[in-house]
A.B. asks: 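Input: one structure, supplied below.
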Number of protein chains: 2
Amino acid sequence: MKALLKQNIAKHISLSENEIEDFCNLFEQKLIPKKNFLLREGEICKFEGFVTKGLFRVYHIDKNGFEQILYFAIENWWVTDIDSFTTETPSQLFIEALEDSEVLVISKKDKEFAYANLPKIEKLFRVMTQKTHVALQRRMIDNLSKTAESRYIEFTEKYPQLIQRLSNIQIAAYLGITNVFLSNIRKKIAVKK
Amino acid sequence: MKALLKQNIAKHISLSENEIEDFCNLFEQKLIPKKNFLLREGEICKFEGFVTKGLFRVYHIDKNGFEQILYFAIENWWVTDIDSFTTETPSQLFIEALEDSEVLVISKKDKEFAYANLPKIEKLFRVMTQKTHVALQRRMIDNLSKTAESRYIEFTEKYPQLIQRLSNIQIAAYLGITNVFLSNIRKKIAVKK
DNA sequence: TTTATTTATTAAACTAGTTTAATGTTTTGA
DNA sequence: TCAAAACATTAAACTAGTTTAATAAATAAA
């Protein structure tokens, strides 16, 4: 059950068999059925999660009621509201299962325990946060410089397996456009081919 | 000369007098005159910097020649291309001094040395990267959900001291709009008052 | 001090993306 | 298996933001 998690950790840092076992024992499994929430706006995020099955979307609802999707998380991805988790303030985000999902979660308390007792865990999360940050930085540049059409094309090329599992409404909310305009883009691309 | 750096580090983690001294000794000062570069596109970023005087802009030039500003760095801010620095690949960014500036830099080699010998430094950069990431995440949501006008107003409210040192061209490139449209926004706001 | 360069503003035509609403299709759930 | 709900598409009017260009003002350089 925790094989995927161990494998994911090993991609970032090297730990002894014991160390990785100890760390993974701090996680417990949660099952989140489709349309249920791992986190709701206003709650303080007290966990960090690793998805082993299913699909989540992490999104914000602005004051006009529009949803902006920060990211999706499928199998082998980490999911949390790092803002609320680190500052211990109420979250501005929802984390919702778009499919029946399974996630391994570690509590804030246990994570701090790991930081204190397994120094390499500090490195693990530094490296992971850096990678996440680099990815977001690239997305920021793309959003500032590229048209919705090329952002859509690049998204489909980068995450073909994800596209198939998402409705156009979700994809549009991620790209920062309306689903009506996404429809236009898709038509335009289809005509080209 | 390194008092500001020490004070900045102390904000994030607590170190002994010796530890902080040892770590700060790994930094050396660089003077970058206005309009000169700390990093150019294509170079591999081999440093992490802490600004003690002046002002930098970190930006990308897209294939149409337009500039997008990722962030500004003034006194007491850190500056690097974390992407190029961690992956050791050619940078897609320019880091340019907008004023005569002074920056304390640590090399990649010395930073790895610090990670290996001063475990708390690992924590320092994990915490800093997290904070930077949270800020970028908030900016991403703002860019997806808010109009250019409210992004401008919020920027002026959040960084009043920065606004005074920047031309409207720089501010527009940060907001992701043209300077012509920024002029319209400014006029509209002025009329309101 | 004079000239060249960069910056800010304005106008006017234009375009990428939104809004609202209608219609058909697919999925869900009782 | 049938009705309700969610989804995708299209059209048409609209708006936020761009583009190009001209002009004035501020800054820098010689």
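Numbers restart at 1 for each chain; the letters A, B, ... are given by sequence-line order, proteins then strands. Being a predicted model, the structure only gives us computed values, none of them experimental.
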A.B. asks: What is the distance from OH of Y152(B) to P of dA8(C), rounded to the nearest Å?
C.D. replies: 10 Å

A.B. asks: K146(A) has an atom NZ; how far is it from atom P of dG17(D), in whole Å?
C.D. replies: 21 Å

A.B. asks: Measure from CG on N143(A) to P on dG17(D) and round the result to the nearest Å.
C.D. replies: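 So the CG-P distance, N143(A) to dG17(D), works out to 14 Å.
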
A.B. asks: Could you work out which one of dT18(D), dG17(C), dG29(C) sits closest to the side chain of F181(B)?
C.D. replies: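 Nucleotide nearest to F181(B)'s side chain: dT18(D).
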
A.B. asks: Between Q170(A) and R151(B), which is nearer to the 5' end of DNA chain D once each is assigned its nearest nucleotide?
C.D. replies: Q170(A)

A.B. asks: Run the ring-centre check on F27(A) versus F50(A) and record whether the distance is less than 6.0 Å.
C.D. replies: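 No, the ring of F27(A) stays outside the 6.0 Å limit from the ring of F50(A), centre to centre.
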
A.B. asks: Rounded to the Å, how far apart are L175(A) CG and dA16(C) P?
C.D. replies: 17 Å

A.B. asks: Taking only the side-chain heavy atoms of I169(B) (C-beta and beyond), determine which of dG29(C), dT7(C), dA16(D) contains the nearest atom.
C.D. replies: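 Among the listed nucleotides, the one closest to the side chain of I169(B) is dT7(C).
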
A.B. asks: Within this structure, what is the CD1-to-C1' distance between I177(B) and dT19(D), rounded to whole angstrom?
C.D. replies: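 Distance, rounded to whole Å: 14 Å.
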
A.B. asks: Closer than 4.0 Å, any side-chain N/O of N168(B) to the OP1 or OP2 of dT9(C)?
C.D. replies: yes

A.B. asks: Does dT28(C) have OP1 or OP2 sitting under 4.0 Å from an N or O in the side chain of K34(A)?
C.D. replies: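 Answer is yes, contact under 4.0 Å.
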
A.B. asks: Hey, which sits more toward the 5' end of DNA chain C by its nearest nucleotide, L182(B) or G176(A)?
C.D. replies: L182(B)

A.B. asks: Can you identify which nucleotide, out of dT10(C), dT7(C), dG17(D), has its nearest atom closest to the S183(B) side chain?
C.D. replies: dT10(C)

A.B. asks: Separation of I189(A) atom CD1 from dT9(D) atom P, in whole Å?
C.D. replies: 12 Å

A.B. asks: Under 4.0 Å, heavy atoms only, any strand: does T178(A) hit a base, just the sugar-phosphate, or nothing?
C.D. replies: base

A.B. asks: Keeping the roles fixed (side chain from T132(A), backbone from Q130(A)), state whether a donor-acceptor pair exists under 3.5 Å.
C.D. replies: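 No.
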
A.B. asks: Between V180(B) and F66(A), who's closer to the 5' end of DNA chain C by nearest nucleotide?
C.D. replies: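 Result: V180(B).
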
A.B. asks: Using the ring of F125(A) (Phe, Tyr or Trp, six-membered ring only), decide whether K111(A) places NZ or CZ under 6.0 Å from its centre and within 45 degrees of its axis.
C.D. replies: yes

A.B. asks: Would one find a side-chain N or O of R186(B) under 4.0 angstrom from OP1 or OP2 of dA8(C)?
C.D. replies: no

A.B. asks: May I have the distance from N184(A) (atom CG) to dA12(D) (atom P), rounded to whole angstrom?
C.D. replies: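 It works out to 12 Å between those atoms.
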
A.B. asks: Rounded to the Å, how far apart are L166(A) CG and dA8(D) C1'?
C.D. replies: 15 Å

A.B. asks: Quick one: closest heavy-atom pair of Q170(A) and L98(A), and the distance?
C.D. replies: NE2-CD2, 4.2 Å

A.B. asks: Do NZ/NE/NH1/NH2 and the carboxylate oxygens of K30(A) and E102(A) come within less than 4.0 Å?
C.D. replies: no

A.B. asks: Looking only at the side chain of T147(A) (C-beta and beyond, no hydrogens), which of the listed nucleotides dT10(C), dA11(D), dG17(C) gets closest?
C.D. replies: dG17(C)

A.B. asks: Between dT9(C), dT7(C), dT9(D), which nucleotide has the shortest distance from any of its atoms to the side chain of N179(A)?
C.D. replies: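 Comparing dT9(C), dT7(C), dT9(D) against the side chain of N179(A), the answer is dT9(D).
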
